[in-house]
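Notes for the one structure printed next.
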Amino acid sequence: MEAREQSTVFVGRGRELRSLLDDGDDARRGGATGVLVAGEAGVGKSRLLREYTARTPMGRVVTGGCLELGADGMPFAPFVAVLRELSRGPAGPGGDRHELARLLPEPGPQPDGAAEGRARLFEAVLTALEHAAEPGGLTVIVEDLHWADASSRELLVFLLRNLGRAPVQLIASYRADDLHRTHPLRRLLPELERLPPVRRLELAPLSRAEVADLAAGIRGRGLDPRTLDLVYERSGGNPLFVESLLAEQGTGRTPVPDGPRELLLGRTSGLDGTARRVVGAVSAGGEPVRHALLAAVAGLPEEELDAALRAAVDANVLTVVRDGYAFRHTLLREAVYQDLLPGECARTHRRYAEVLAEGLPGVPEAEAAAQLAHHAYAVHDLPKALSAAWRSAEAASSALAHPERLRMLERVLELWDQVPDAPERVGHGRPEVVYRTARTALAAGHPVRAARYATEGLEELYDGDPRTLTRGALPDDGRAAMIGRLLHARGEALKESGRDGSLEDLAAAGQVLPARHPSRAAVHAAMAASMMVRGHSASAALPARRALELARATGDGRTEADALITLATLDEGADPEPALGMLREALRLARAAGRPQVEMRAYVNTGSVLWRAGRFDDQAATAREGLARARELGLARTHAAMLSSVLSVALMERGHLAEARAAVREVPEPDSPLARAWLLERAAELDLVAGELAAARESVDAYLRLLPEGSSSPLEILPARDDRMRLALAEGRPELAAALSLEVVERPPRWLTGMPLWGMLREHAELAVRLRAESAAHPGLGTMADRVAAAVRKMAEREPPAAVMGLLRAHAVRAALAEDPADAVPHWADAVAVARRIGARLDLIRALTALGAARHALGAAAEAERNLAEAAELAQACGAGLLAREVAAVRARTGGPPAPPAGLTAREAEVLGLVAQGRTNREIAERLVISAKTVSVHVSKVLAKLGVSNRHAAAVRARDLGLG
């Protein structure tokens, strides 16, 4: 068989091409769209995009490819290429050229970079694309998204969320078979696909008929049936493998070489030695390779290099990409690279390193540094690798690419001891590099890693315990300052990860830092926040005020805002307005200082203050505003989890369980394990209240896999323990629920006792009531109930809180702990009144249920039934299945309501009510904690008793009977 150039026949992708063309029309006329083009390596993603580019309805198409080298620290690679291509247009890139200088040095000098100015950079890129899209529309193609650096992924999400009505079509392709279980793109894809303008386009392998068409296009005539069968079987319908097979004489009739590597390398067999050496050099370069860089590395006369490149392009081994070259397919590059002999590989990397070290006109510093770090490391030229990694880290810092900066700083530390003059090359001692690595790890959302780096730096600087140092104990102010900064960094990292030791580190930092050091205000602010989180509210105000004083004296707006947030959160007065005023001022200061992280903290803590005041609708509005701001700033992946938790709490308190569950499920999955655990805990609580026990159990188990009990702090695992306790009770395992309760209330962590935990205490106090109610059937529960009640009573011995929610929960705790129903009724009645006034519907259901039980015990049956009937109605309206079952259990103990209508049993009436809500048998089984088979039996009996033939008719009848 004679192989030609790549087939001019476009095979098997007509439907996908039409889909892209329709999507382009939609973007041009109706606003931004996004398409994720997925498929295995070699399936034809790039060919489809080239075909689309030739036929697009958009006025302009620009392309940027993600680099395999991106993992080594070169951030925003595809968008740098896109912006560079846009800058060549007559109007330039548009947008804020000063800000775009972070990525494109050509427009002007780079701006000074605040650690959190990343949002401005994202906004500038967004504006540039909007500008370029007028008037005829713009298609932006990002190829090989599976290799995207973290910063590029975050920018992609930001653009898709914010392009809005701009006529921009954003297409991203990725290799689906490269997404292993822990691949970062695997977590990002569900978030992208949930966005309204985004859809996924999957490229399947070619059918046998399509392989026949492709083969005919490649060789100029059709294959005989037996050869076609062999090619189709061996290629699996992968166009790249089909072409590779047909590129070799007789391959269609002979066995396929072992593995795709040999198939792919067959493409280079016709090249002469010079062309193969050039192709090998490109394979080691990291795609694409600029022509100027390749020419310098190859060291060939221009004519000879051009001839070699022409041969490689004609053989469909290389393609021309802007001002350089790339392989026709990345699998081919990998195969060529792996085929290099060790000596060839080392010489090629060394030559790249030499050329890049000497400097090459036209190659931006950030790109050159990242590539030099890669090539020097590959040949163990450690001094060059270290210097380049440091320069790359600094460039990543300017571009606010925290993950890439962290990777490069870790490379610097890895090489430090192997390069004798490392301090001279970097311009800093190792402690400073360790400190910056710790701070970068914290900014990138890895507080545990940050704490480890800070500890490493402290151990290098001081043999003893640095927490014992006092000011002036070290004669070297520089060393003292570095120890103080590392203690500060570790203290914040421990606070963020919920581990013990943050207070001790921050206190020590305040002691050892020189008297006029600029970090002292921030240390005081961090100490105040940590003390508040640890429950030392009475003591936290002093460092917060000191931080406020120092920050105002030095004009440190960020720390002033941080201190105001802490002081506002500490204010538990009955009137929330003073606290809310401080939070509004903190938000203003944070915005003025360009500190989005502090802005997000202000939104979260404003939600907390509003919750305490029982202003749930305002809390929800604040959370939504914060979420919108996080998306605007490109911080959704780091802050949406907490803000969505605030939103879901507000919705849950109001009884809007379906909306609360949606708020949690729609959050983009965060990178931080702690943030993912927050979302799982919220999901578990909401599923539990709804009576979806299997889903709640799954969320709790996932939580504990993320934060195992043996290696996590008590603060981290406390929510999961409470959920396990509630689950055990709901599943009919009261002994386990009691044991889990006693682990917390009899041996509370020392930081727990000072925290406002009325909500948690209510759960444990009400558990004691349930345990007593079931003690007749479970010997030993009475004693455990007494122990739980005694421990809760001890923890609750303090002045009643002034805030509304604290007052409501305190009434519930005191009522539950009352041994005489006559003492409990007034407290439950007060709880009902407060819950009714502020619209806390779930608290109202609980209080009405308990009030009904207490009144029945006193002989007030009619009043009890009114309370229980209202609780049952509310529980059904809210979809709070677990609370509905608890109401039903109390009614069963107290004689219950009138018998169900139509001759139904109580259980059949319950099943009918759920059928009327549109529940499936499986969903009913989960809510009632029975098997789906049992539900099916109940449904059959219900249909027979009602004289109807289907579920729809049963639902209509249920509403007539007052059960729908």
Side-chain angles (χ1 to χ4, degrees), residues 1-20 35-55 63 65 141 143-146 171 173-178 200-223 225 227-249 251-253 256-257 259-269 287 312-319 321 326-336:
M1 272 178 279
E2 180 182 354
R4 296 183 169 188
E5 278 191 11
Q6 185 178 355
S7 170
T8 58
V9 178
F10 185 60
V11 173
R13 302 295 180 221
R15 180 184 62 81
E16 291 85 353
L17 178 60
R18 286 193 299 275
S19 177
L20 287 177
V35 183
L36 301 172
V37 179
E40 66 180 17
V43 80
K45 300 180 293 297
S46 297
R47 177 60 197 275
L48 171 65
L49 294 177
R50 285 198 300 273
E51 199 72 23
Y52 172 71
T53 299
R55 308 185 193 190
T63 301
I141 297 175
E143 293 197 89
D144 296 322
L145 190 62
H146 52 279
I171 303 174
S173 68
Y174 66 92
R175 280 163 50 172
D177 52 331
D178 263 13
R200 177 173 171 164
L201 188 62
E202 188 83 37
L203 298 192
L206 300 178
S207 67
R208 183 181 182 278
E210 290 165 344
V211 168
D213 291 341
L214 178 60
I218 291 172
R219 67 185 296 273
R221 61 183 183 275
L223 299 179
T227 302
L228 174 60
D229 287 341
L230 181 59
V231 170
Y232 178 64
E233 178 184 349
R234 296 294 186 174
S235 70
N238 184 296
L240 173 64
F241 292 172
V242 172
E243 293 176 18
S244 298
L245 279 168
L246 297 178
E248 295 184 10
Q249 290 288 344
T251 297
R253 294 185 179 275
V256 178
R261 178 171 170 270
E262 287 76 11
L263 287 175
L264 294 162
L265 286 176
R267 191 107 16 209
T268 67
S269 60
E287 295 185 306
V313 170
D314 288 346
N316 288 320
V317 174
L318 297 181
T319 60
V321 181
F327 279 84
R328 190 182 63 82
H329 195 283
T330 54
L331 282 180
L332 181 55
R333 186 200 69 80
E334 293 166 11
V336 171

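Predicted, not measured: the structure shown is a model, and the values here were computed from it.
Inter-residue side-chain proximity for E16 and R18 is flagged as unmet; no heavy-atom pair is nearer than 4.5 Å. In this structure the side chain of L203 never reaches within 4.5 angstrom of the side chain of E40, judged on heavy atoms. Annotation: side chain of P239 is in contact with side chain of L214 (closest heavy-atom distance under 4.5 Å). Within the 4.5 Å cutoff, the side chain of L240 has no heavy atoms near those of the V43 side chain. A heavy-atom distance below 4.5 Å is found between the side chains of I141 and T53. Side-chain contact between F10 and R47 is present, with at least one heavy-atom pair separated by less than 4.5 Å. Counting only heavy atoms from C-beta outward, the side chains of F327 and T319 never approach each other to under 4.5 Å.
Under the 4.0 Å criterion applied to side-chain N and carboxylate O atoms, R208 and E210 are not assigned as salt-bridge partners.
With S19 contributing its side chain and R15 its backbone, the two residues share no donor-acceptor pair below 3.5 Å. The closest donor-acceptor contact from the side chain of D144 to the backbone of H146 lies at 3.5 Å or more, if one exists at all.
Annotation: the span from Y52 atom OH to L17 atom CG amounts to 9.0 Å, rounded to 0.5 Å. One distance of note links CG of D213 with CG of L206; it measures 9.0 Å at 0.5 Å rounding. Separating the CG atom in L201 from the CG atom in L20 is a distance of 5.5 Å, to the nearest 0.5 Å. Rounded to the nearest 0.5 angstrom, L318 CG and R333 CZ are separated by 12.0 Å.
Heavy-atom minimum distance, R175 versus K45: CG-NZ, 3.7 Å.
Side chains of E143 and T63: a donor-acceptor N/O pair is absent below 3.5 angstrom, by distance only.
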